[in-house]
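Start at 1 and go down the list; that is how both ligands and their atoms are numbered.
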Amino acid sequence: MSQVQIHFYGDPCRSCGYGWHRASDSLLADVLELERTYRRVLDGVPGTARHPELTWCASAYVLHVADNLRIHGERMAGAAAGGEPPVFDQPNQDELSELRMYEKVPIEGALWSLDSVLAPYVAAYLAAAATHVELPHPVRGTQVAIDVLRGNVHDAHHHAWDLGRIVVAHRAASAS
Ligand SMILES: [Zn+2]
């Protein structure tokens, strides 16, 4: 599999503890649970809650993960259906955040967006895995579906860790 992300984050990830060699069934189960997982981690804090060391508010992290799944799902679905796989780059995440106005979206809207992509993403992954698509990526090299899935679930896991830090910082600020 692609080693670029493993070298960058560590295995397990030095920050969030994600292990890079899990099987697809376990990863797909995590994807389908993501909206509930995030809702549990957020524990009722508003979408505007922030951590002083993190770039984005809570809503923005949820929307970033949703858009990441959507972008990669589109490309897996397209390639699985026989389309020519594009070079697997993606928009700059900070520019996308500004264009999509992540910071202004209420947390329930962000969670709706996340929930709406989970089952379609899993369907796209399964189609891509079944058809053995190869997706060129300018940094990570050629990826097969499991590489994409592992990277996407890491993104979701890593930002759940960020959201947990935001919740702690928000509670501490509210208590002082
Ligand atoms: Zn991580």
Side-chain angles (χ1 to χ4, degrees), residues 1-43 45 47-76 88-98 100 102-103 105 107 110-111 113-115 117-118 121-122 124-125 128-129 135 137-172:
M1 70 177 278
S2 169
Q3 298 296 309
V4 175
Q5 293 179 94
I6 293 177
H7 285 145
F8 185 79
Y9 289 104
D11 186 13
C13 173
R14 286 178 287 274
S15 297
C16 76
Y18 177 82
W20 285 92
H21 292 86
R22 288 169 53 199
S24 61
D25 286 357
S26 155
L27 296 168
L28 294 173
D30 274 13
V31 170
L32 291 171
E33 281 296 310
L34 262 183
E35 192 267 352
R36 283 182 286 272
T37 300
Y38 276 24
R39 195 176 282 283
R40 187 170 62 247
V41 170
L42 286 162
D43 194 24
V45 305
T48 51
R50 327 186 67 93
H51 184 287
E53 293 172 9
L54 294 174
T55 307
W56 289 337
C57 66
S59 275
Y61 280 104
V62 175
L63 286 164
H64 163 75
V65 171
D67 278 350
N68 197 48
L69 293 172
R70 202 172 302 278
I71 289 164
H72 288 79
E74 287 163 3
R75 295 176 186 191
M76 287 194 290
F88 209 86
D89 206 351
Q90 62 192 92
N92 177 285
Q93 62 185 24
D94 294 309
E95 292 174 6
L96 189 61
S97 166
E98 287 197 23
R100 294 260 288 105
Y102 285 169
E103 300 265 337
V105 178
I107 196 68
L111 289 165
S113 187
L114 179 66
D115 196 40
V117 74
L118 302 179
Y121 174 90
V122 168
Y125 167 78
L135 298 159
H137 189 288
V139 177
R140 298 170 190 167
T142 295
Q143 294 189 299
V144 295
I146 187 73
D147 298 327
V148 176
L149 177 65
R150 283 174 170 145
N152 290 164
V153 176
H154 173 250
D155 186 69
H157 193 269
H158 201 94
H159 293 312
W161 175 72
D162 286 329
L163 288 170
R165 296 169 69 204
I166 286 173
V167 170
V168 169
H170 178 78
R171 293 266 150 79

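The salt bridge (charged side-chain N to carboxylate O under 4.0 Å, His left out) contacts involving residues 4-23 comprise R22-D30, where partners must be two or more places apart or lie in separate chains. Note on residues 47-56: pairs passing salt bridge (charged side-chain N to carboxylate O under 4.0 Å, His left out), not counting sequence neighbours, are R50-E103, E53-R165.
Remark: D67 engages R100 in a salt bridge, criterion side-chain N to carboxylate O under 4.0 Å.
Of all the heavy atoms in V45 and I107, the pair that sits closest is O-CG2, 4.5 Å.
For a distance threshold of 2.8 Å, the protein N, O or S atoms nearer than that to the Zn ion (ligand 1), listed by chain and number, are C13 SG, C16 SG, H154 NE2, H158 ND1.
Using bins of under 30°, 30° to 60° and over 60° for the plane-to-plane angle, the ring pair H159/Y61 lands in the tilted bin.
Listed by chain and residue number, Y9, Y18, W20, H158 satisfy the ring pair (Phe, Tyr, Trp, His ring centres under 6.0 Å) test with H154 (two or more places apart in sequence, or in another chain).
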